[in-house]
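Take a look at the structure below.
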Amino acid sequence: MIKLINLSKSYHSGKIQAIINVTAHIKPGEFVSIVGQSGSGKSTIVKLIIAEERPDSGKIIIGGWDIIGIKEREIPTLRRQLGVIFQDFKLLPKKTVFENVAFAMQTCGFRPKEIKKIVDQMLSLVGLKGKENRYPHQLSGGEQQRVAIARSLVHKPKLLIADEPTGNLDSINTREIIDLLKKINNMGTTVVLVTHNKDVVNGLHSRVITLDSGQIISDQEDGRYLL
Ligand SMILES: Nc1ncnc2c1ncn2[C@@H]1O[C@H](COP(=O)(O)OP(=O)(O)OP(=O)(O)O)[C@@H](O)[C@H]1O
Ligand SMILES: [Mg+2]
């Protein structure tokens with residue numbers, strides 16, 4: 001699904017080495033957590049995978065596509081194959097729940113009937129039926145993250161990448177969002193979860209990659225939070 005091969009990335013013309021020689025293969029259907037101290041390079045890996053940043057060296061292969069030489073005009077095609085969610089939800093504040101989820105399909109030119117069908121499906125999946133007409137500020141943090149998850153799934157991506165998705169949530173909402181990610185994973189989507197949350201990682205009993213100063217120091221099935 002994803003192959004990162006000898007990947008390195010620096011910022012400020014090489015003064016900050018964010019990622020150093022990282023190699024990891026993530027197989028279809030896996031649920032992988034990436035953990036590490038603040039500044040260890042977790043978000044940099046996410047940005048490299050979604051082609052928001054380019055590596056200095058190494059390879060990134062996503063579903064057989066070597067994205068190292070990806071052209072600007074090909075980035076939307078890549079992004080449609082990846083669902084991405086963030087700590088701060090990144091919802092459009094002046095659009096309703098329905099409109100936030102529908103937006104990516106509208107810009108791709110889907111017909112309204114098809115959009116309604118898919119958006120309804122996704123809002124049912126994340127447990128938000130009946131809240132279509134609310135605005136983001138009328139939702140709890142957990143509900144806002146559910147909208148972001150629904151939005152990330154409209155193109156039926158094979159891979160969902162979550163960078164600290166529960167960073168702004170309390171423990172109950174955290175549990176619910178992680179359960180939702182597990183459900184999505186059980187339906188066949190590969191999930192990459194970046195998190196600081198020790199309880200979340202230890203409760204997952206799945207693969208854990210630990211970064212330290214830009215390098216992988218541990219990569220274990222049924223891994224533990226080591227930091
Ligand atoms: N745009 C940038 N310009 C310069 N340096 C950057 C940039 N983005 C990240 N860095 C640096 O690269 C290193 C890795 O940052 P990264 O954001 O990947 O860490 P992280 O593990 O996601 O941290 P956190 O847990 O705080 O989110 C850090 O030293 C950071 O200061
Ligand atoms: Mg980060």
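Counting starts at 1 for both ligands and their atoms, following the listed order.
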Quick check: does Gly41 get an N/O under 3.5 Å from an N/O on ligand 1? yes
Can you find an N or O of Ser38 that's nearer than 3.5 Å to an N or O of ligand 1? yes
Show which atoms of ligand 1 fall inside a sub-4.0 Å distance from at least one heavy-atom site of [X].
X: His12; value: 4 (C)
X: Ser40; value: 19 (O), 21 (O)
X: His196; value: 25 (O)

To the nearest 0.1 Å, how far is [atom] from its closest protein heavy atom, and which atom is that?
atom: atom 17 (O) of ligand 1; value: Ser43 CB, 3.7 Å
atom: atom 4 (C) of ligand 1; value: Tyr11 CB, 3.3 Å
atom: atom 28 (C) of ligand 1; value: Gly39 O, 3.7 Å

When rounded to the nearest 0.5 angstrom, what is the spacing between CG in Asn133 and CD in Glu99? 8.0 Å
Side chains of Thr23 and Asn6 only: does a donor on one sit below 3.5 Å from an acceptor on the other? yes
On a heavy-atom basis, I'd like to know which of Ile16, Thr44, Ile34 is closest to atom 18 (O) of ligand 1. Thr44
Among Val101, Val97, Asn100, find the one that has a side-chain contact (heavy atoms from CB on, under 4.5 Å) with Val119. Val101
Metal check, the Mg ion (ligand 2) vs Thr44 N/O/S, cut-off below 2.8 Å: no
Dump the intermediate steps for side chain to side chain contact (heavy atoms under 4.5 Å, CB included) on Ile45 and Leu7, then the final yes or no. CA-CA 9 Å; Ile45 290 184; Leu7 206 56; 5.7 Å; no
Salt bridge check: are Arg54 and Asp56 linked by an N-O gap of less than 4.0 Å? no
Contact bool for atom 25 (O) of ligand 1 (protein heavy atom, d < 4.0 Å): yes
Protein non-hydrogen atom below 4.0 angstrom of atom 7 (C) of ligand 1 present: yes
When you measure from the side chain of Lys183 to the backbone N and O of Leu125, does any donor-acceptor pair fall under 3.5 Å? yes
Short side-chain to backbone donor-acceptor contact, Lys3 and Lys59, under 3.5 Å: no
Any Gln138 side-chain heavy atom under 4.5 Å of Lys131 side chain: no
Could you tell me whether the side chain of Lys158 reaches within less than 4.5 Å of the side chain of Gln81, counting heavy atoms only? no
Ligand 1 versus Gln37: contacting region, heavy-atom distance under 4.0 Å: backbone
